[in-house]
There are 2 protein chains.
Amino acid sequence: MSIETLRRDPPAPEEGDTRQRIMDVAEQLLLQRGYAGFSYQDIAEAVGIRKASIHHHFPAKEDLGAAIVRRARARLLDTRGPVGDTPAQIQHQFDRYLRFFEKIATQGDKLCLGGRLSADLAVLPEAVRDPFRDFTTDHGGWLAKLFEAGQKHGVFRRDAEPADQALMFGAAVQGAVQVARSRGDAEFFRRIARQLRQQFLATP
Amino acid sequence: MSIETLRRDPPAPEEGDTRQRIMDVAEQLLLQRGYAGFSYQDIAEAVGIRKASIHHHFPAKEDLGAAIVRRARARLLDTRGPVGDTPAQIQHQFDRYLRFFEKIATQGDKLCLGGRLSADLAVLPEAVRDPFRDFTTDHGGWLAKLFEAGQKHGVFRRDAEPADQALMFGAAVQGAVQVARSRGDAEFFRRIARQLRQQFLATP
DNA sequence: GTCTATAAGATGATAGAC
DNA sequence: GTCTATCATCTTATAGAC
């Protein structure tokens, strides 16, 4: 790296912009078509650059895949946030969780990252599988905490272990997204969501 | 490779045999890696023939895909059978259903056809998507009938509409398979299955 | 950082000999 | 029915000019 480069002040606000745009486009394609179903050519056309330019930012496809998963994990921690300690907060986080998946199930043809990569596991390079494991661990851990706090504060029913409830709830939501998509039935998820509220909330 | 294939009586190859072997191998690859994740070359190596020979039986990949889905649908109707009209029969079919998915969730790295193709929907040619819709319709219809008969005969709880119960149960099972796989946790599905029995059976 | 050009291999698919 | 040989195209990836 030259002296000039090092001395230069942050010139344009475009710094890192292309990298982000590549990741944004690639993430949408990944969620839509799966890891084996999108190519650098697809990204290049959507972003408006050439294939080779993508390789400058992400030498191999697995670098891109891993970066997308790591970013999604950071976003998960960030937007889900720490589990609340009041009934209102917990109830709100529960509702928010359901709304997030309702959006995925009812609009567009994209899966959530967990569902997508779990289906792609067999074609995923180790470099992508590793951060995905972290992602699922975080996701599962957050849900477990939510149900533990929720039972303690009387938000959820106490008819099962919180950990079991969390697993059951997470799997039901995951399955509902999948079934809603395969049926092409936007209303389906809402019916399931209604059932899930009745099943898990102490006062639905 | 499936038990049926290994048990095959005729030791010598016969006509129509290659076609079946291609479909068997391709189905396993499809369930494992998805529609975009397996190639004619993969099949050729596993079957012990050349790529071009596969094209003789299935001119295009979508022909092969459609044939696999249609066969799976026929198998579904055949093995699931008409819904019973006694509590014992219904209970048995319910258990059998859960055991089928427990096998998928706990052994091997394959998805069920419904989960797999639902995830692959965006990369599926119309020629494969069409028979898959029939498959899901049949599958959903069977489950709905099971819960309707089950409620009538006191096998299932009557705390929700049979149709809703069926949707909820099917989605939960689907999600459980997916989550169990992504966690690499063979015990997970059994925990969910236990919860599902408590939730749906009148006398768990 | 982006480009052109290209490599090296895989993919689905076809033609035609045997 | 299976083979060899071949096709056009797509894939990830690299080299080097600007």
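In the text below, chain A, chain B and the rest are named by the order of the sequence lines, each starting its count at 1.
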Under 4.0 Å between a side-chain N/O of [X] and OP1 or OP2 of [N], yes or no?
X      : N      : value
T18(B) : dG1(D) : no
H56(A) : dT2(C) : no
S53(A) : dG1(C) : no

Exercise for the section: Using the side-chain contact (heavy atoms from CB on, under 4.5 Å) rule, take F156(B) and E148(B) through it: C-alpha gap first, then chi angles, then the decisive distance, then the call. Expected result: CA-CA 9 Å; F156(B) 299 128; E148(B) 201 167 333; over 6 Å; no

Under a 3.5 Å threshold, yes or no: a donor from one side chain and an acceptor from the other, between [X] and [Y]?
X       : Y       : value
Q107(A) : E102(A) : no
Q195(B) : Q199(B) : no
S39(B)  : D42(B)  : yes

Exercise for the section: Please determine if R80(A) forms a cation-pi arrangement with F100(A), meaning its NZ or CZ atom is less than 6.0 Å from the six-membered ring centre and no more than 45° off the ring axis. Expected result: yes

Exercise for the section: Test the K61(B)-F38(B) pair against the cation-pi criterion, namely NZ or CZ under 6.0 angstrom from the six-membered ring centroid and within 45° of the ring axis. Expected result: yes

Exercise for the section: Check every atom of dT2(C), dT11(D), dG1(D) against the side chain of Q41(A) and return the nucleotide holding the closest atom. Expected result: dT11(D)

Handout entry: Candidate nucleotides dT12(D), dT11(C), dT2(C), ranked by approach to the side chain of S39(A) - the nearest
Key = dT12(D)

Rounded to the nearest angstrom, tell me the gap between atom [atom1] in [X] and atom [atom2] in [N].
X      : N       : atom1 : atom2 : answer
H57(A) : dT12(D) : NE2   : C1'   : 17 Å
R50(B) : dG12(C) : CZ    : C1'   : 17 Å
I54(B) : dG12(C) : CD1   : P     : 9 Å
D42(A) : dT9(D)  : CG    : P     : 17 Å
Q20(B) : dG1(D)  : CD    : P     : 12 Å

Completion exercise
Once base and sugar-phosphate atoms are separated, protein heavy atoms under 4.0 Å mark nucleotides 13-18 of chain D, 5' to 3', with B, S and - as BBB---

